[in-house]
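Data block below; observations after.
For reference, positions follow the sequence shown, starting with 1.
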Amino acid sequence: MKSRKLVLAAATLAAAVLALSACAPTAPTTGGGASATAGSQALTVATTTDVVNYNPLVGNSRSDYWITNLMYPHLLGIANDGSKEPQVATKWGYVNDTTGFYDIRSDLKWSDGVPLTADDVAWTMNAVKKDKPSGTFYGQLANLDTAKAVSKTRVEFTLTKPDSTIVEEIGFWGNVVPKHVFEKAPSVATFANDGKDGGWVSAGPYVLSKVQVGQSYTLDRVADYPLVEGGKPLSAKVVYRVFPDVNTEILALQSGEVDAIANALPPAQVAKLKSTAGVKVEESVGLGYAHMTYNMKNPALAKLQVRQALAQSVDYNAIRKVVLQGQAVSTGSSPIMPVLKDYYDDSIKEYTFDTDAARKLMEEAGYTAGADGMFPVTFRLIYSLQDSVTSQWATLVKDSAAKAGIRIELQGTERNTYLAMTNKGDFDIYAGNFAIMDDPVTNMTLTYLPGGVINYSYVNDPKLNDLIAQGTATTDKNKKVSLMQEAAKIVRDNVYDNVMYTQNLYFAHSDKWTGFVSKPSELLSIVNPVSLASAHPVGTK
């Protein structure tokens with residue numbers, strides 16, 4: 001599964017564009033823009049962070065995901081309603097309650113000429129299960145026993161117990177890596193895959209060829225990519241350029257230095273950019289949510305009344321109206337998104353903003369306010385400075401909490417530092433968002449079960465655990481829906497997660513380019529592999 005805000009007076013815009021050359025990274029020699037002849041041009045994309053991990057089984061930053069996704073394909077894609085679509089896999093399902101399968105394409109090759117086969121898929125699954133790399137993929141494999149290639153195009157895998165969600169979730173979240181490259185490493189959890197052992201190998205539309213840390217990442221087109229029309233990416237290169245923040249990304253797009261921005265636009269800039277000459281704005285469906293979680297390893301936050309007080313000290317409507325410019329909607333404080341219509345329960349209501357009630361809850365928790373009206377506790381809230389929307393609403397959260405007598409100390413950090421702190425549990429309150437929450441059972445498994453890879457509240461609720469276990473095991477859709485709705489209510493009532501809103505996202509690119517294919521979330525948006533392989537200058541296809 002973070003971005004947003006720019007306010008520039010028209011009188012200063014020209015000067016800001018001129019100043020950009022001094023603060024932005026030097027353009028790579030491949031360049032951006034659409035002036036090159038058809039088929040020889042480079043598509044230049046702006047990002048705000050460097051790559052931390054080139055290993056897609058470990059990577060956790062947006063730039064990691066965007067770049068490695070162009071090399072290491074997924075078995076399944078996703079539609080706007082969260083349903084799964086074919087990619088490497090053409091068919092998928094269950095042989096029986098404890099055996100799943102994928103039938104895969106026979107026309108894919110790694111960029112070194114080695115065919116991509118079911119053996120790569122099975123090996124990847126088994127290696128992730130054995131080596132336990134941090135990340136979402138490993139989190140999906142709790143019930144996996146072993147995978148086996150039963151032919152060159154079919155993988156079957158056994159489960160330790162019935163799991164009605166695992167086939168689609170592994171297919172969507174897990175990248176396929178080349179066995180003949182990754183098996184040389186002692187562990188896929190520690191394999192750097194940094195290109196130092198002969199370069200990268202890709203079965204996607206592009207392969208990484210040049211890295212200038214802090215500046216750019218250049219990927220070259222592969223000769224054969226059958227997942228797009230014509231079987232070949234249209235642009236010769238994709239170049240990711242690193243900028244300090246989304247504001248300079250926008251200026252670079254307007255000045256023609258880049259052709260697209262990977263990050264979602266700040267809500268305050270959407271309307272403006274829609275009417276800006278030379279810029280086109282695309283909308284992507286939001287399948288994720290913005291939220292705060294309260295670290296229950298902190299004795300104060302382990303108290304339900306304190307979490308409830310914090311939940312009631314947030315002005316949700318103001319955040320959605322002022323910061324999100326009305327581009328977000330409430331989920332009813334539910335971790336199930338309204339777009340998942342079969343599962344969503346509109347009887348679950350959003351936490352009420354009431355600072356007087358929050359004060360009473362703090363008193364019930366055993367705290368007495370001082371002469372200044374403040375309770376003797378302080379909570380440290382972390383967020384990414386690259387996430388301009390969260391940076392804005394974090395301040396509103398701090399200010400409204402103070403009205404309830406609760407001190408919040410804001411700690412904004414560079415994104416990769418923020419992710420490291422998150423993984424260590426080095427926070428009292430985590431503020432951020434998840435990009436795609438596509439399956440309620442899987443999402444709750446990862447977010448609320450003990451040991452879940454994104455269980456940032458460190459919740460361990462026996463009743464909730466049982467509901468999730470039942471939801472995992474059953475294949476009865478109606479029963480699964482009922483179980484997950486009950487689980488969502490427990491999450492809401494106990495403030496195991498403070499889900500604040502969900503929103504559709506907007507992405508900008510030059511109107512000199514066309515052919516982008518928008519997919520849900522900031523992870524996929526217009527920078528998913530099929531989209532970048534299909535994009536081309538207007539009039540050159």
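- K232 contributes atom NZ, which lies 15.5 Å from atom OH of Y225 (distance to the nearest 0.5 angstrom).
- No side-chain donor-acceptor contact under 3.5 Å links T331 and T502.
- Sparse packing is recorded around CD of E229, with 12 or fewer heavy atoms of other residues, nucleotides or ligands lying under 6.0 Å away.
- Contact detail for L253 and A508: the closest heavy-atom pair is CD2-CB, 3.6 Å.
- Counting only heavy atoms from C-beta outward, the side chains of V530 and K519 never approach each other to under 4.5 Å.
- Residues T90 and R105 meet the side-chain proximity criterion, which asks for heavy atoms closer than 4.5 Å.
- Here the shortest heavy-atom pairing between D81 and L340 reads O-CD2, 3.8 Å.
- Under the 30°/60° scheme for interplanar angles, the aromatic rings of H291 and Y289 are found to stand perpendicular.
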> Can you list the steps and then say if F137 with I170 is a side-chain contact (heavy atoms from CB on, under 4.5 Å)?
Replying inline: CA-CA 7 Å; F137 191 1; I170 289 177; 3.9 Å; yes

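- At least one side-chain heavy atom of R62 sits under 4.5 Å from a side-chain heavy atom of L523.
- Ionic pairing of R241 and E249 is not present here: no N-O contact between side-chain nitrogen and carboxylate oxygen is shorter than 4.0 angstrom.
- Side chain of N193 to main chain of Y54: a donor-acceptor pair is present (N/O by atom type, distance under 3.5 Å, no hydrogens or angles).
- The main-chain N or O of S313 is never found under 3.5 Å from a side-chain atom of K403 such that the two would form a donor-acceptor pair.
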Using side-chain hydrogen bond (donor to acceptor under 3.5 Å, both in side chains), reason through D387 and S384 one step at a time and then give a plain yes or no. CA-CA 5 Å; D387 181 351; S384 167; over 6 Å; no

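- Between atom CZ of residue F379 and atom NZ of residue K398 there is a gap of 15.0 Å, rounded to the nearest 0.5 Å.
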Might you work through the ring-ring contact (aromatic ring centres under 6.0 Å, His included) test for Y418 and F427, ending with a clear yes or no? CA-CA 10 Å; Y418 158 77; F427 60 88; 8.9 Å; no

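- At a threshold of 4.5 Å between non-hydrogen side-chain atoms, the residues V281 and E283 do not count as touching.
- Scanning all heavy atoms of the two residues, the minimum distance from P115 to D120 falls at O-OD2, 3.6 Å.
- Here the OG1 atom belonging to T218 is positioned 6.0 Å from the NZ atom belonging to K210, to the nearest 0.5 angstrom.
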| request: For the pair V51 and Y240, evaluate side-chain contact (heavy atoms from CB on, under 4.5 Å) and give the outcome as yes or no after the intermediate values. | output: CA-CA 10 Å; V51 174; Y240 272 88; over 6 Å; no

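- One side chain, S284 or S518, offers a donor N or O that lies under 3.5 Å from an acceptor on the other.
- Between the side chains of E350 and S330, a donor-acceptor pair is found at a separation under 3.5 Å.
- Q41 contributes a side-chain N or O that, together with a main-chain N or O of L234, makes up a donor-acceptor pair within less than 3.5 Å.
- Side chain of D428 to main chain of R380: a donor-acceptor pair is present (N/O by atom type, distance under 3.5 Å, no hydrogens or angles).
- Here the side chain of T124 pairs a donor or acceptor atom with the backbone of V177 at under 3.5 angstrom.
- Between P266 and V246 there is a side-chain heavy-atom pair separated by less than 4.5 Å.
- At a threshold of 4.0 Å, the pair D438-K84 counts as salt-bridged, since one of the basic side-chain nitrogens sits closer than that to a carboxylate oxygen.
- Here the side chain of S333 pairs a donor or acceptor atom with the backbone of Y351 at under 3.5 angstrom.
- For S531 (side chain) and I526 (main-chain N/O), a donor-acceptor pair under 3.5 Å exists by modelled atom type.
- Taking the six-membered ring where the residue is Trp, W110 and Y72 present tilted rings, their angle falling between 30° and 60°.
- At least one donor-acceptor pair closer than 3.5 Å links the side chain of D50 to the backbone N or O of G214.
- For the pair I319/V397, a side-chain contact is recorded, criterion being any heavy-atom separation below 4.5 Å from C-beta on.
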- Task: Dump the intermediate steps for side-chain contact (heavy atoms from CB on, under 4.5 Å) on L524 and I436, then the final yes or no.
- Result: CA-CA 9 Å; L524 300 175; I436 302 176; 4.1 Å; yes

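- E522 contributes a side-chain N or O that, together with a main-chain N or O of A264, makes up a donor-acceptor pair within less than 3.5 Å.
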| message | Please determine whether side-chain contact (heavy atoms from CB on, under 4.5 Å) holds for the pair Y383 and T395, giving the CA-CA distance in whole Å, both sets of side-chain angles, and the decisive distance to 0.1 Å. | response | CA-CA 11 Å; Y383 62 95; T395 299; 5.7 Å; no

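- The two residues L75 and I104 have their closest heavy-atom pair at CD2-CG2, 3.9 Å.
- N69 and N175 get closest at one heavy-atom pair: OD1-ND2, 3.3 Å.
- Between I78 and P520, the closest side-chain pair of non-hydrogen atoms falls below 4.5 Å.
- Under the 3.5 Å distance criterion, with hydrogens and angles disregarded, a donor-acceptor pair is assigned to the side chains of S209 and D220.
- For the residue pair A394 and L410, the shortest heavy atom distance occurs at O-CD2, 3.7 Å.
- To the nearest 0.5 Å, the span separating CD on E409 from CD1 on I429 amounts to 10.5 Å.
- Considering N263, N416, T49 as possible partners of S63, the one that fulfils the side-chain hydrogen bond (donor to acceptor under 3.5 Å, both in side chains) test is T49.
- Note that CD of Q140 and CE of M125 are 11.0 Å apart. Values are rounded to the nearest 0.5 Å.
- In this structure, the side chains of K274 and Y506 come closer than 4.5 Å at one or more pairs of heavy atoms.
- A side-chain donor-acceptor contact under 3.5 Å links N55 to the backbone of V188.
- D497 and Y456 share no side-chain donor-acceptor pair at under 3.5 Å.
- Judged purely by distance below 3.5 Å, without hydrogens or angles, the side chains of Y501 and W393 pair a donor atom with an acceptor atom.
- Taking CD from E414 and OG1 from T48, the interatomic distance works out to 9.0 Å, rounded to the nearest 0.5 Å.
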